[in-house]
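Please read all numbers here as calculations on a predicted model, not as lab measurements. Order of the sequence lines fixes the chain letters, A, B, ..., with proteins taken first and strands second; residue numbering starts at 1 for each chain. Values below: all heavy atoms of this structure, side chains included; hydrogens, waters and symmetry mates excluded.
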Number of protein chains: 2
Amino acid sequence: MARMERMAPKTRRPERRQEPLSRERIVGAAVELLDSVGEGGLTFRALAERLSTGPGAIYWHVTGKTELLAAATDAVLTGALGGDDTGTAPQEAIRALALGLFDAIDAHPWVGTQLAHTAQSPMLRVFERVGRQVQALRVPEAHWFTAASSLMSYILGVAGQNAANARRARPGMDRTEFLGGVAAAWTELDPEQYAFTRSVAGQLREHDDRAEFVAGIDLILGGITALR
Amino acid sequence: MARMERMAPKTRRPERRQEPLSRERIVGAAVELLDSVGEGGLTFRALAERLSTGPGAIYWHVTGKTELLAAATDAVLTGALGGDDTGTAPQEAIRALALGLFDAIDAHPWVGTQLAHTAQSPMLRVFERVGRQVQALRVPEAHWFTAASSLMSYILGVAGQNAANARRARPGMDRTEFLGGVAAAWTELDPEQYAFTRSVAGQLREHDDRAEFVAGIDLILGGITALR
DNA sequence: ACCTGAACACCGTTCAAGT
DNA sequence: ACCTGAACACCGTTCAAGT
């Protein structure tokens, strides 16, 4: 009896009584659903069940599925943009920002798809963050726009494609095992049509998406700093 | 009566008798439907009507919607990969290839979305084409994979995002009018949160997606050639 | 071998009715 | 003001039946 000191709280544990529905709770549940069951799993009925209501209730807080997906995307991206760059060298700040987005999209692959659909406002925030570092790199003003938009496009574009690749592999498969399989497939391609691809199959096997991603950033940064 | 020389052809116009269904015709009709009514308009029922059959007939030639979309994407991308690079300087060949893809995706914006979903084989073809030019640039072999995959990711990623932007603007709106509107909106952003974005609103106004796209390629090419 | 079209299970969205 | 849940219109896919 003394064993499990179950000092009952004075007030009953609050029964997990249904908090009221809210845009915030809905978007949160949507993100969870997207993460666990994928884009096809996000259904107003499934979402309603998870929130223990009817599907119609959701429409009181959200105009429809499009807005719901946009809000979910926004939530994830906002989380990834949390860091603070003050005091960091511009190149390093850009790498950190890029990796934050890369990891967020890798963890929530459906965000990659959404980026192509909506997501106006998060993109603007990315643009601003990148742009400030471009300024800090002392790039001539005439090149600011090009430099910032190239970087942003690369970051979001590549992160999105990486997520797509990840989705293709995923089914519990081990990473190196997967890469090995693809590399093996490359080796069996037609030697004439795919001479180059075959020649880098080995590099694929020991390749690291994340490192490759940063390497691409550095290529662009190299091009940008050459502008001054 | 002589006015409209309606010289009736000897043989009756061939009645446009129903050619038999085929994977090719189905994919062609799907591309047309996607172009004209967008991704939401591609329906087995709509497609069947356009081909004057029932929806079930399509399943004899195609396993489902996923394969249909992949095939449509493949068809467009294959068309864009038509050119021949032999005899062109590598940098120029890469720009041409990139622009071909950019224009194709711009003309068929739904391809941008699909790139994030499937499209394994067309990506491999892009990779090979880009890779050969990377070799021609005399990049050290250890960097082949990184250089080629950075370029490909940038090309497909940016082209896809451009298509998404285009879709946002499209409704018949004039291009410069549209850019002017966005630039004006940028000018009204919070000066503290969006200092950089506001400062390049003018550059946005006179900016050219296509030129910007190539400028980004050149940045990467700059970084790549710095590797040797 | 190929096509037909009704039928099935499921979806986003609406809305009268409730509290 | 907010929630309920049946109902509507529509979707991808299947399949027995036809030719």
| said: Ring centroids only, cut at 6.0 angstrom: are A/Tyr194 and B/Phe127 within range, meaning strictly under it? | reply: no

| Does B/Trp60 place a side-chain N or O at less than 4.0 Å from the phosphate oxygens OP1/OP2 of C/dC2? | yes

| query | Does the side chain of B/His61 get closer than 4.0 angstrom to OP1 or OP2 of C/dA1 through an N or O atom? | reply | no

| query | Looking at DNA chain C, which of residues 35-47 of chain A put a heavy atom within less than 4.0 Å of it? | reply | A/Leu42, A/Thr43, A/Phe44, A/Arg45

| task | Hunt down the Watson-Crick or G-U wobble partner of D/dT19, both distances under 3.5 Å, from any strand shown, or write none. | result | C/dA1

| Paired with D/dA6: which nucleotide, if any, by Watson-Crick or G-U wobble criteria at under 3.5 Å for both distances? | C/dT14

| message | Using the rule given for salt bridge (charged side-chain N to carboxylate O under 4.0 Å, His left out), can you reason through B/Asp84 versus B/Arg129, listing the C-alpha separation, both sets of side-chain angles and the distance that settles it, and then say yes or no? | response | CA-CA 10 Å; B/Asp84 179 16; B/Arg129 286 280 289 272; over 6 Å; no

Using whole Å, report how far [atom1] of [X] lies from [atom2] of [N].
X       : N      : atom1 : atom2 : answer
B/Leu21 : D/dT19 : CG    : P     : 19 Å
A/Arg23 : D/dC3  : CZ    : P     : 15 Å
B/Ile58 : D/dT14 : CD1   : C1'   : 14 Å
A/Leu69 : C/dG12 : CG    : C1'   : 12 Å

Please determine if [X] and [Y] form a salt bridge, counting it only when a charged side-chain N lies under 4.0 Å from a carboxylate O.
X       : Y        : result
B/Glu32 : B/Arg50  : yes
A/Glu49 : A/Arg45  : no
B/Asp85 : B/Arg132 : no

| query | Can you tell which of D/dA1, D/dG12, C/dC2 lies closest to the side chain of B/Tyr59? | reply | D/dG12

| note | Ranking C/dA1, C/dT14, D/dC3 by distance to the side chain of A/Ala57, first place goes to D/dC3

Indicate every side-chain donor-acceptor pair of residues 62-72 of chain A with a distance under 3.5 Å to a residue at least two apart or in another chain.
residue	atom	partner	partner atom	Å
A/Thr63	OG1	A/Glu67	OE1	2.6
A/Lys65	NZ	A/Leu42	O	2.9
A/Glu67	OE1	A/Thr63	N	3.2
A/Glu67	OE2	A/Arg23	NH1	2.3

| Test salt bridge (charged side-chain N to carboxylate O under 4.0 Å, His left out) applied to A/Arg210 and A/Asp103, step by step | CA-CA 9 Å; A/Arg210 223 164 161 276; A/Asp103 291 338; 2.7 Å; yes

| remark: Closest to the 5' end of DNA chain C, once A/Lys65 and B/Ser22 are matched to their nearest nucleotides, is B/Ser22

